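Since we're looking at a predicted model, the values are computed, not measured.
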2 protein chains.
Amino acid sequence: MLTTACKDAIRAMIYIAKKQKNIDNFISIKEIANNLDLSFYFLSKILQKLVKDGFLESYRGPNGGVKLAKPMGDISLYDIILSIDGDDVFTQCILGFKECSDIKPCAVHEKWAPERERLYNLFKDTTLEEIEEEIEKKINIKL
Amino acid sequence: MLTTACKDAIRAMIYIAKKQKNIDNFISIKEIANNLDLSFYFLSKILQKLVKDGFLESYRGPNGGVKLAKPMGDISLYDIILSIDGDDVFTQCILGFKECSDIKPCAVHEKWAPERERLYNLFKDTTLEEIEEEIEKKINIKL
DNA sequence: TTTATTTAAGACTTTATACTCTTAAATCTA
DNA sequence: TAGATTTAAGAGTATAAAGTCTTAAATAAA
Ligand code: SF4
Ligand code: SF4
């Protein structure tokens with residue numbers, strides 16, 4: 001469904017959003033990796049993409065790190081997925097056909113197309129802000 | 001979402017079901033591969049799994065090939081996916097957590113869990129028979 | 001200005017998936 | 001029985017994803 005790089009990216013963004021709600025500092029990637037039990041090396045690589053795509057702002061040197069480059073209500077899970085994995089999940093055919101036309105659809109199009117649409121809407125509608133509120137509301141949330 | 005091996009498997013099973021509606025012969029893997037524009041070698045490997053799991057019956061020698069081992073109404077897309085890819089798509093966490101309890105869920109569980117359930121039902125409910133009927137009904141179906 | 005800290009970038013290694021080929025076994029037909 | 005056909009099984013190769021490491025650049029603080 002999603003690559004591990006993408007899953008890690010989402011978890012990191014949630015962590016950043018949660019932390020940023022309180023303090024507006026840059027958060028070091030090492031801290032994020034440690035707290036989420038991820039490889040620092042791997043996470044660094046992943047977050048670089050989000051920086052390039054304008055979802056994170058980064059700063060080097062002591063007290064450096066990353067922070068959200070936009071209001072958390074303006075960053076959706078779709079944005080993160082698109083940045084890391086591309087839009088294949090939302091556009092590709094369930095049977096793997098390269099070209100897909102509604103004129104000559106495959107045998108499961110009627111079943112798959114609406115589901116794919118639901119998936120798109122789900123991720124598009126879910127913002128870091130909403131997730132952050134969910135975390136505040138509940139007690140036992142795994143990060 | 002699905003591996004290419006799994007997509008190929010589904011396409012092959014649809015092809016077999018469609019053909020078997022008319023004649024009850026064994027269908028050679030070479031014929032399937034040619035018609036679906038797939039590698040004979042790769043497809044052979046993939047279909048072996050479906051044979052082992054009891055969804056296909058195979059026969060060697062001239063006029064040999066494969067045929068459905070069950071009524072096409074008894075083979076769902078879920079069965080095929082399970083046989084080739086395993087059940088990861090239907091059980092795994094969207095954030096990649098190994099263990100997942102409803103007691104301490106992740107921040108997107110409330111959104112993801114129902115969607116995963118829908119996906120499961122969709123594939124579980126869609127049988128080769130239903131797909132075959134869809135193909136008969138429509139004119140321009142890509143195989 | 002020197003040293004420590006932190007991200008950026010690219011090379012590199014490992015692992016998993018995708019794909020190919022060869023040989024063996026089963027079966028039909030001449 | 002000999003030869004052709006077709007799947008089975010396993011080895012082998014190629015490509016992509018995952019993960020690691022090294023060096024450079026930016027910055028802060030001593
Ligand atoms: S029409 Fe069929 S082939 Fe095309 S995207 Fe839809 S499901 Fe896939
Ligand atoms: S509770 Fe969260 S971590 Fe567990 S499966 Fe659901 S979405 Fe994934």
Worksheet item: Roughly, in whole Å, what's the span from CD in A:Glu57 to P in D:dA26?
Response: 17 Å
Item to complete: Using only side-chain N and O atoms of B:Ser58, determine if any of them is under 4.0 Å from OP1 or OP2 of D:dA8.
Response: yes
Practice prompt. Kindly point out which of D:dA8, C:dC19, D:dT7 is positioned nearest to the side chain of B:Thr4?
Written response: C:dC19
Worksheet item: Nearest-Å distance, CZ (B:Phe42) to C1' (D:dT13)?
Response: 14 Å
Discussion item. Please tell me if B:Ser39 has a side-chain N or O lying less than 4.0 Å from either OP1 or OP2 of C:dT20.
Written reply: yes
Item to complete: Could you tell me whether the phosphate oxygens of D:dA9, OP1 or OP2, come under 4.0 Å of any side-chain nitrogen or oxygen in B:Ser44?
Response: no
Response to the item:
When rounded to whole Å, the NZ to C1' distance for the pair B:Lys30 and D:dT5 reads 8 Å
Worksheet entry | Spacing of B:Lys45 atom NZ relative to D:dT6 atom P, expressed in whole Å | 18 Å
Discussion item. Is the phosphate of C:dT17 approached by B:Thr3 (side-chain N or O, under 4.0 Å from OP1 or OP2)?
Written reply: no
Practice prompt. Could you check how far OH of A:Tyr41 sits from P of C:dT6, rounded to whole Å?
Written response: 14 Å
Worksheet item: Taking the side chain from B:Asp125 and the backbone from B:Leu122, do they hold a donor-acceptor pair closer than 3.5 Å?
Response: no
Worksheet entry | Those residues that, when tested against B:Tyr78, pass ring-ring contact (aromatic ring centres under 6.0 Å, His included) (two or more places apart) | B:Phe90, B:Tyr120
Practice prompt. Ignoring backbone atoms, establish whether B:Tyr59 has a side-chain N or O less than 4.0 Å from OP1 or OP2 of C:dC28.
Written response: yes
Practice prompt. Could you tell me the separation between the NZ atom of B:Lys49 and the C1' atom of D:dA8, rounded to a whole number of Å?
Written response: 15 Å
Check: residues 42-66 of chain A side-chain donor-acceptor pairs under 3.5 Å, at least two apart:
from: A:Ser44; atom 1: OG; to: A:Phe40; atom 2: O; distance (Å): 2.7
from: A:Lys49; atom 1: NZ; to: A:Ile84; atom 2: O; distance (Å): 3.2
from: A:Asp53; atom 1: OD2; to: A:Ser83; atom 2: OG; distance (Å): 2.6

Worksheet item: More than 12 heavy atoms of other residues, nucleotides or ligands under 6.0 Å from CG of B:Asp37: is that the case?
Response: no
Practice prompt. Could you tell me the separation between the CG atom of A:Leu47 and the C1' atom of D:dG19, rounded to a whole number of Å?
Written response: 15 Å
Worksheet item: Nearest nucleotide by nearest heavy atom, which residue falls closer to the 5' end of DNA chain C, B:Gly61 or B:Asp85?
Response: B:Asp85
Practice prompt. Check every strand shown and say whether A:Lys52 touches a base, only sugar-phosphate, or nothing at a heavy-atom separation below 4.0 Å.
Written response: sugar-phosphate
Fill in: Separation of atom CD in B:Gln48 from atom P in C:dA18, rounded to whole Å
16 Å
Worksheet item: Reckon B:Ser28 has a side-chain N or O less than 4.0 Å from the OP1 or OP2 of D:dT6?
Response: no
Worksheet item: Which residue lies toward the 5' end of DNA chain D, A:Ala5 or B:Arg60, if each is placed at its nearest nucleotide?
Response: B:Arg60
Item to complete: Drop me the distance from A:Cys106's SG to B:Glu134's CD, to the nearest 0.5 angstrom.
Response: 9.5 Å
